[in-house]
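Taking it in order: structure first as structure tokens, then the write-up.
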Amino acid sequence: MINCNPETVSTDYDTADRLYFEPLTLEHVLNVWEMESGREVSEVSSVSNGVSDTKDTFDTSDTSRPVPVLVQFGGQTPLNLAKSLKAAGVPIWGTSPEAIALAEDRKQFAAILDELEIPQPENGTAMSLDEARVAAERIGYPVLVRPSYVLGGRAMGIVYDEAELSDYVSEATRVSPNAPVLIDRYLEDAFELDVDAVCDGQQLVIGGIMEQIEEAGVHSGDSACMMPPLKVSEYHLNIIRDYVERIGLRIGVKGLMNVQFAIKDEVVYVLEVNPRASRTTPYVSKATSAPLAKIAAQIAGGMTLKEIGFTEEPKLDGFFVKEVVLPFNKFPGAFVRLGPEMRSTGEVMGHASTFGLAYAKAQMGAGERLPLNGRVLITVNDYDKAAATKIARDLHQMGFEILATQGTAEWLSKVHVPASVVNKVSDGSPHVVDLIVKGEVDLVISTPLGKRAYDDGQLIRAAATMNRVPLMTTLSAAQAAVQGIRALKSKEIKVRSLQNHHSKDI
């Protein structure tokens, strides 16, 4: 294994026979490959306390047995190296560099979706600001702007007008020079799903379908998600399964693949395909007990899904909620808002027979404990006020006192939900941040819109984060929190290991 980050393997140091802490660049990978391909013998000279003392001898002139390389388990960086590695004579196991290019190259991939008659958001590419302006005007604002060939949504942003476009295009070209900037129509008010699947080139099997709890526009790596999906009908799930199968077979995937979808106005759109293991692979494997990485490695080694015995989408028992761990409380003054660029540093999973309890467990795992009583601060933008009504009413009925900024409080009073008015930061003290710092707020729901609102909202969110007050920045997360609180108030939490869960008869 070649890994540039020791921490990712610090707890599994004995998984690989040899572990190279090297930068993931073409030169370093080729150096390791040349050494490993020349390996002649590995002799165990002694064993002490169960630990072998291994002597390795190399004959670098022996190239009769070139070592194959797996690139689909290291995220985006190894995929970017695949073509150059193959050109240098390195055998690539699993999905070929040519198939990787079909999924990674925006124009080729868009052509494949058109060929398969699968909907995709209107999109375009640009090599300059002028080309970006033309593409954005054709697609229509708002648009999603991002560099090519990057991981974690780096330098990605939602652009609402031409004035913002210049800044985002400049940053995208800096992050990924000599590559096109990708411009997509931003699907407002859509919700997203992720699918992990394995394919052997002839057959494809879905590993798991995940529904993101945050709405479209929040990076999938920053969004809580759940299995099985709650909002999606079986009709749309079957469309998703069909699209995944057709795309995987058409591209020629051999191993793992991840497909991201958005549903808006009853239309299922394909956002992107990653012909590799995704960050959700461990989550899906834990929820289903299907070892997707092992299965993908066996496929890369030449086995078929039928030979492996993995031919049907695994069934789920209960709900599994993945929640992210965000680093904001480690960085005072950091910009606290979720968006297209990934910010999370880890993730946890909660499991229960109901969604609410699974969500509550996931929050606990991420270091956030949902309150069972107290005061809730609600400050939402005008577009969210109607949807926030039910959230506020449910919290009030469960015994919470509602605090709200002027506009939100006036709206809630119209629908007969009592709320105490508190000042925005811009209105002067005593204001919402003062209450949070004093420990007089137990839950914050904040969805600002507009520059001044974002400035106020940033101070509110930063205060909540630094004072360990649970913070919800989307209404979908707030709705999930309501279900979690209701479940905690009505049912006792029980704990068991995943091993015990999967070993029982279903």
(message) Given 3.5 Å as the limit, does a donor-acceptor pair link the side chain of Asn381 with the main chain of Thr447, or not?
(response) yes

(request) Work out which heavy atom in Pro121 is nearest to a heavy atom in Leu271; give both atom names and the distance. (result) CG-CD2, 3.6 Å

(request) Output the distance between atom OH (Tyr359) and atom CD (Gln483), rounded to the nearest 0.5 Å. (result) 10.0 Å

(message) Does Glu312 have more than 12 heavy atoms from other residues, nucleotides or ligands lying within 6.0 Å of its CD?
(response) no

(message) For Glu117, give me all partners under side-chain hydrogen bond (donor to acceptor under 3.5 Å, both in side chains), at least two apart in sequence or on another chain.
(response) none

(request) Report yes if some heavy atom in the side chain of His501 is under 4.5 Å from a heavy atom in the side chain of Ser497; otherwise report no. (result) no

(message) Using 0.5 Å steps for rounding, measure from the CD1 atom of Ile112 to the NZ atom of Lys107.
(response) 15.0 Å

(message) Does anything in residues 254-274 form a salt bridge (charged side-chain N to carboxylate O under 4.0 Å, His left out)? List the pairs, not counting sequence neighbours.
(response) Arg146-Glu272

(request) Quick one: which residue pairs count as a salt bridge (charged side-chain N to carboxylate O under 4.0 Å, His left out) with a foot in residues 76-87, not counting sequence neighbours? (result) Lys86-Glu98

(request) Answer yes or no: is there a side-chain heavy-atom contact under 4.5 Å between Glu245 and Val205? (result) no

(request) Identify the heavy atoms of Val253 and Pro275 that sit nearest to each other, and give their distance. (result) CG2-CB, 4.4 Å

(message) Run the side chain to side chain contact (heavy atoms under 4.5 Å, CB included) test against Ala352 and tell me which residues pass, sequence neighbours left out.
(response) Leu357, Ala358, Lys361

(message) Using a 6.0 Å cut-off, check whether atom NZ of Lys306 has over 12 heavy atoms from anything other than its own residue.
(response) no

(request) Could you walk me through whether Arg241 and Tyr243 pass the side chain to side chain contact (heavy atoms under 4.5 Å, CB included) test, one step at a time? (result) CA-CA 6 Å; Arg241 292 183 178 105; Tyr243 287 174; over 6 Å; no

(message) Ser353: which residues meet the side-chain hydrogen bond (donor to acceptor under 3.5 Å, both in side chains) condition with it, sequence neighbours left out?
(response) Lys491

(message) Please find the pair of heavy atoms, one from Asn258 and one from Ser278, that lie closest to each other, and give the distance.
(response) ND2-OG, 3.5 Å

(request) Would you kindly say whether Asp114 and Gln120 are connected by a side-chain donor-acceptor distance under 3.5 Å? (result) yes

(message) I'd like to know if the side chain of Asn238 and the backbone of Glu234 have a donor-acceptor N/O pair within less than 3.5 Å.
(response) yes

(message) Among residues at least two apart in sequence or on other chains, which ones pass side-chain hydrogen bond (donor to acceptor under 3.5 Å, both in side chains) with Asn373?
(response) none

(message) With a 3.5 Å distance limit and no angle check, can you tell me whether Ser289 reaches the backbone of Ser285 through a side-chain donor-acceptor pair?
(response) no

(request) Among residues two or more places apart or on two chains, list those pairs meeting side-chain hydrogen bond (donor to acceptor under 3.5 Å, both in side chains) that have a residue in residues 200-211. (result) none

(request) State, with a plain yes or no, whether a side-chain heavy atom of Val469 is found less than 4.5 Å away from one of Leu377. (result) no

(message) side-chain hydrogen bond (donor to acceptor under 3.5 Å, both in side chains), that's the test. Do Asp194 and Thr280 meet it? Break it down for me.
(response) CA-CA 8 Å; Asp194 263 57; Thr280 54; 4.5 Å; no

(message) With no hydrogens and no angle check, just 3.5 Å: does a side-chain donor-acceptor pair link Glu192 and Gln260?
(response) no

(request) With rounding to the nearest 0.5 Å, note down the distance linking CZ in Arg106 to CD1 in Ile183. (result) 10.0 Å

(message) With rounding to the nearest 0.5 angstrom, report the CG to CD1 distance, Leu395 to Ile445.
(response) 5.5 Å

(request) Apply side chain to side chain contact (heavy atoms under 4.5 Å, CB included) to Met1 and list each qualifying residue two or more places apart in sequence or on a separate chain. (result) Asn3, Val9, Ala16, Leu19

(message) Less than 4.5 Å apart, side chain to side chain, heavy atoms only: is that true for Val482 and Met398?
(response) yes

(request) May I ask you to test the Ile100-Val71 pair for a side-chain heavy-atom distance under 4.5 Å? (result) yes

(message) Taking the side chain as everything from C-beta on, heavy atoms only, tell me whether Phe400 gets closer than 4.5 Å to Ile485.
(response) yes

(message) Restricting to non-hydrogen atoms, name the atom on Gly252 and the atom on Thr95 that form the minimum distance, rounded to 0.1 Å.
(response) O-CG2, 4.2 Å

(request) Only counting residues at least two apart or in another chain, list the ones meeting ring pair (Phe, Tyr, Trp, His ring centres under 6.0 Å) with His236. (result) none

(request) Measure the spacing between OG of Ser84 and CG of Leu30 and express it to the nearest 0.5 Å. (result) 8.5 Å

(message) List the residues meeting side chain to side chain contact (heavy atoms under 4.5 Å, CB included) with Pro314, not counting sequence neighbours, and say none if there are none.
(response) Thr288, Ala290, Phe310

(message) Pair Arg18, Glu36 - check salt bridge (Lys or Arg N to Asp or Glu O under 4.0 Å), show working.
(response) CA-CA 10 Å; Arg18 272 167 303 285; Glu36 289 293 332; 3.0 Å; yes

(message) If we ignore hydrogens and angles and just use 3.5 Å, is the side chain of Arg276 paired with the main-chain N or O of Leu256 as donor and acceptor?
(response) no

(request) Would you give the length of the straight line joining atom CG of Leu305 to atom CD of Gln298, rounded to the nearest 0.5 angstrom? (result) 10.0 Å

(message) Please enumerate all residues that pass ring pair (Phe, Tyr, Trp, His ring centres under 6.0 Å) together with Tyr269, with sequence neighbours excluded.
(response) none

(request) Assess whether side chain to side chain contact (heavy atoms under 4.5 Å, CB included) is satisfied between Ile493 and Val495, documenting all intermediate values. (result) CA-CA 7 Å; Ile493 288 182; Val495 179; 4.3 Å; yes

(request) Considering non-hydrogen atoms only, spot the tightest contact between Asn123 and Asp184 and give its length. (result) CB-OD2, 3.3 Å

(message) I'd like to know if the side chain of Arg468 reaches the main chain of Gly367, judged simply by a donor and an acceptor atom lying under 3.5 Å from each other, with no hydrogens or angles considered.
(response) yes

(message) Side chains of Val181 and Thr125, heavy atoms from C-beta outward: is any pair under 4.5 Å?
(response) no

(message) Pair His28, Val32 - check side chain to side chain contact (heavy atoms under 4.5 Å, CB included), show working.
(response) CA-CA 6 Å; His28 286 87; Val32 172; 5.8 Å; no

(request) Go through the structure and list residues passing side-chain hydrogen bond (donor to acceptor under 3.5 Å, both in side chains) with Trp33, not counting sequence neighbours. (result) Ser37

(message) Less than 4.5 Å apart, side chain to side chain, heavy atoms only: is that true for Phe320 and Met349?
(response) yes

(message) On a heavy-atom basis, which atom in Val348 and which in Ala366 lie closest, and how many Å separate them?
(response) CG2-N, 3.6 Å

(message) Against Met257, only a single residue in Asp196, Val195, Ile247 fulfils side chain to side chain contact (heavy atoms under 4.5 Å, CB included); can you say which?
(response) Ile247

(request) Assess whether side chain to side chain contact (heavy atoms under 4.5 Å, CB included) is satisfied between Met210 and Leu193, documenting all intermediate values. (result) CA-CA 5 Å; Met210 298 148 273; Leu193 297 100; over 6 Å; no

